[in-house]
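A quick write-up on the structure given underneath.
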Amino acid sequence: MTIQINTASTAVVARRKFKALRWWMLALFLLGVTVNYITRNSLGLLAPELKTSLSMSTEHYSWVVAAFQLAYTLFQPLCGWVIDVIGLKLGFMIFAAVWAVVCMMHAGVGSWIQLAVLRFFMGSAEAAATPANAKAISDWFPRKERPVAAGWAGVGFSIGAMLAPPIVIVAHLSFGWRGAFLFCGFLSLLWVVLWWRFYHAPESHPNLSKEELALIRQDNEPQQTRLPFIASLKIVAKNKKFYGIAIPAFLAEPAWAVFSFWVPLYLANERGMDLKHIAMFAWLPFLAADIGSVASGYLTALYRKWFKCTRVNSVVASSVTGAFMMVSLAFVAMTKDPYLAIGLISIGGFGHQVISCMLSALVVESFDKSQVATVNGMRGSSAWIASFLFSLLIGAVADTVGFNPLFIAMGFFDLVGAVFLIALIAERRNPAKGEQA
């Protein structure tokens, strides 16, 4: 027995160490968020046919969308707290398995009400993605690398939305809309297996070198006591920095909801595109969002280099830059060219992801590691309250006044959010030299 134990121990020690393993773990997480968004955006892409097959009006569809958004709003803090308590590996795996199975159940719906119920349960599980994002970054990266890591992590949120149109529509053409839901759910289950097999926390990962673990832990952030859910929410709610993040998130999210759930319907109804044309062009705003995600972290480095901003102020400045780019959405209402409209929406996609990634980075910068998933969940809830309300507004007015007034409003929401970000988060004086590094 002793020989067996020693042999096993030696085998573990001898496991191959991978260079820059933290980036591989981020890529594995990014893949999970990608399939999350493929399952999520399948609804919007299939909406034109679902409206016919399930006898849905635009208002009915808005309630289906709102069911998902309501669940996403309510469950983000709870999902974040669960991940903080039981860990990223087990917590995210459970939620991913649930959303995969529920997505596959979409294939059996016979009415828009049944679809709305399933979307609610799907939203409650997919709500784990936002808090898990902050947890992955805080667990695997030292502070100086987190803005760039947040930018790359944000790619998962937009690359899934970018890949969804060709994947979902090819699946739809091959298997019908029911088969498309089954296919998307199956992709998520495949990722669950990969996550269970290859993800471990830094302290227990057999392929992580001691040198890289020391780099990850160089900030020596103390591990705080894990608090009960309600107590944790109360502490966060008393921190003014939370509102400096939550209010801009509230004002930013309506645009992303429109990109994810309404642009395909907008292109079909107001720009006269069929499914094939939608598949050709609807992914472009998400490609721009991917580029914005990656660029956001590097943009902070430029602000620090060129303008000598502190780390926090460089993140704020990057987010404000994204807010100015969102003005492009207001011009969508002023053009009759559908391709120019897609280009303007794409600029908005770039700007939105700059904002979103930097808000996640500010959560990691401003709160201790034991709370980042909970805080990012609360930030996500703030965002999705706006998403929920805006979808209901679209459903109520789109058939009468159209989308143009809504695009104009979205063009200026983020500039208002930038005012709160500067007022409540931006540093007014230079920190000590050690803090600026």
Side-chain angles (χ1 to χ4, degrees), residues 37-52 54 56-70 72-73 112 115-116 119 122-123 126 157-158 160-162 164-165 168-169 177 251-275 277-279 281-286 288-289 326 328-333 335 338 341-349 351-353 356 383-411 413-414:
Y37 259 78
I38 290 172
T39 58
R40 181 183 309 188
N41 285 26
S42 59
L43 176 71
L45 292 162
L46 297 171
E49 182 166 345
L50 288 171
K51 286 184 68 179
T52 301
L54 302 179
M56 284 195 296
S57 66
T58 300
E59 186 172 4
H60 290 156
Y61 176 70
S62 75
W63 282 104
V64 173
V65 172
F68 179 94
Q69 294 169 325
L70 177 62
Y72 209 92
T73 300
W112 71 268
L115 184 61
R119 293 303 288 185
M122 189 172 175
E126 292 204 344
F157 291 87
S158 48
M162 182 189 77
V168 173
I169 290 175
W177 67 265
L251 292 165
E253 197 63 26
W256 193 248
V258 169
F259 298 160
S260 299
F261 298 112
W262 292 97
V263 161
L265 203 59
Y266 165 74
L267 294 176
N269 290 353
E270 298 208 6
R271 300 295 180 173
M273 292 187 177
D274 58 21
L275 271 178
H277 280 90
I278 291 172
F281 296 106
W283 58 275
L284 289 173
F286 300 107
M326 294 300 291
S328 66
L329 295 181
F331 292 98
V332 173
T335 179
I342 291 171
L344 292 168
I345 293 171
S346 297
I347 294 173
H352 174 85
Q353 278 304 90
S356 181
W384 279 73
I385 289 171
S387 180
F388 168 75
L389 295 174
F390 205 72
S391 285
L392 292 181
L393 177 63
I394 293 173
V397 305
D399 285 341
T400 54
V401 303
F403 282 82
N404 286 343
L406 303 171
F407 275 111
I408 292 172
M410 287 187 294
F413 281 167
D414 289 290

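Numbers here simply count residues along the sequence, with the first being 1. Computation of the quantities below employed the complete heavy-atom set of this structure, encompassing side-chain atoms and omitting hydrogens, waters and symmetry-equivalent molecules.
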Could you walk me through whether Tyr37 and Glu126 pass the side-chain contact (heavy atoms from CB on, under 4.5 Å) check?
CA-CA 9 Å; Tyr37 259 78; Glu126 292 204 344; over 6 Å; no
Item to check | Steps toward side-chain contact (heavy atoms from CB on, under 4.5 Å) verdict (Leu329, Phe259) | outcome: CA-CA 11 Å; Leu329 295 181; Phe259 298 160; 4.1 Å; yes
Check step by step if side-chain contact (heavy atoms from CB on, under 4.5 Å) holds for Leu265 and Lys51. CA-CA 10 Å; Leu265 203 59; Lys51 286 184 68 179; 4.0 Å; yes
Verdict with supporting geometry, Val258 and Ile345, side-chain contact (heavy atoms from CB on, under 4.5 Å) | CA-CA 10 Å; Val258 169; Ile345 293 171; over 6 Å; no
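A 4.5 Å side-chain heavy-atom check between Phe286 and Val263 finds every atom pair outside the cut-off. The side-chain heavy atoms of Trp112 and Leu50, taken from C-beta on, include no pair separated by under 4.5 Å. By the 4.5 Å heavy-atom criterion applied to side chains, Arg40 and Tyr72 are counted as neighbours. At a threshold of 4.5 Å between non-hydrogen side-chain atoms, the residues Val168 and Leu46 count as touching.
Ser346 approaches Ala288 most closely through the heavy-atom pair O-CB, 3.1 Å. Here the shortest heavy-atom pairing between Pro338 and Met273 reads CB-CE, 4.1 Å. Counting all heavy atoms, side chain and backbone alike, Met326 lies closest to Ala255 at CE-CB, 3.6 Å. Summarising the geometry of Ala67 relative to Ala116, their closest heavy-atom pair is CB-O, 3.3 Å, with the distance given to 0.1 Å. Counting all heavy atoms, side chain and backbone alike, Arg271 lies closest to Thr335 at NH2-O, 3.2 Å. Counting all heavy atoms, side chain and backbone alike, Met122 lies closest to Phe68 at C-CE1, 4.1 Å.
The neighbour count for Trp63 CH2, taken as heavy atoms of other residues, nucleotides or ligands under 6.0 Å away, does not exceed 12.
To the nearest 0.5 angstrom, His60 atom NE2 is 12.5 Å from Leu115 atom CG. Here Glu49 contributes atom CD and Ile169 contributes atom CD1; the two are 11.0 Å apart, rounded to the nearest 0.5 Å. Atoms CZ and CG, on Phe331 and Leu344 in that order, are 8.0 Å from each other to the nearest 0.5 Å. The line from CH2 of Trp177 to OG1 of Thr52 is 11.5 Å long, rounded to the nearest 0.5 Å.
Legend: residues meeting salt bridge (Lys or Arg N to Asp or Glu O under 4.0 Å) with Arg119, ordered by chain and number and at least two apart, are absent.
Classified by interplanar angle (parallel below 30°, tilted 30° to 60°, perpendicular above 60°), the ring pair Trp256/His352 is parallel. Using cut-offs of 30° and 60° on the angle between ring planes, the pair Phe390 and Phe413 is perpendicular.
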Run the side-chain donor-acceptor check on residues 391-409: report pairs under 3.5 Å with partners two or more places apart or on a different chain.
| residue | atom | partner | partner atom | Å |
| --- | --- | --- | --- | --- |
| Ser391 | OG | Gln69 | OE1 | 2.9 |
| Ser391 | OG | Gln69 | NE2 | 2.9 |
| Ser391 | OG | Trp262 | NE1 | 3.3 |
| Ser391 | OG | Ser387 | O | 3.2 |
| Asp399 | OD1 | Thr58 | OG1 | 3.3 |
| Asp399 | OD2 | Thr58 | OG1 | 3.2 |
| Thr400 | OG1 | Val397 | O | 2.9 |

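The main-chain N or O of Trp384 is found under 3.5 Å from a side-chain atom of Thr73 such that the two form a donor-acceptor pair.
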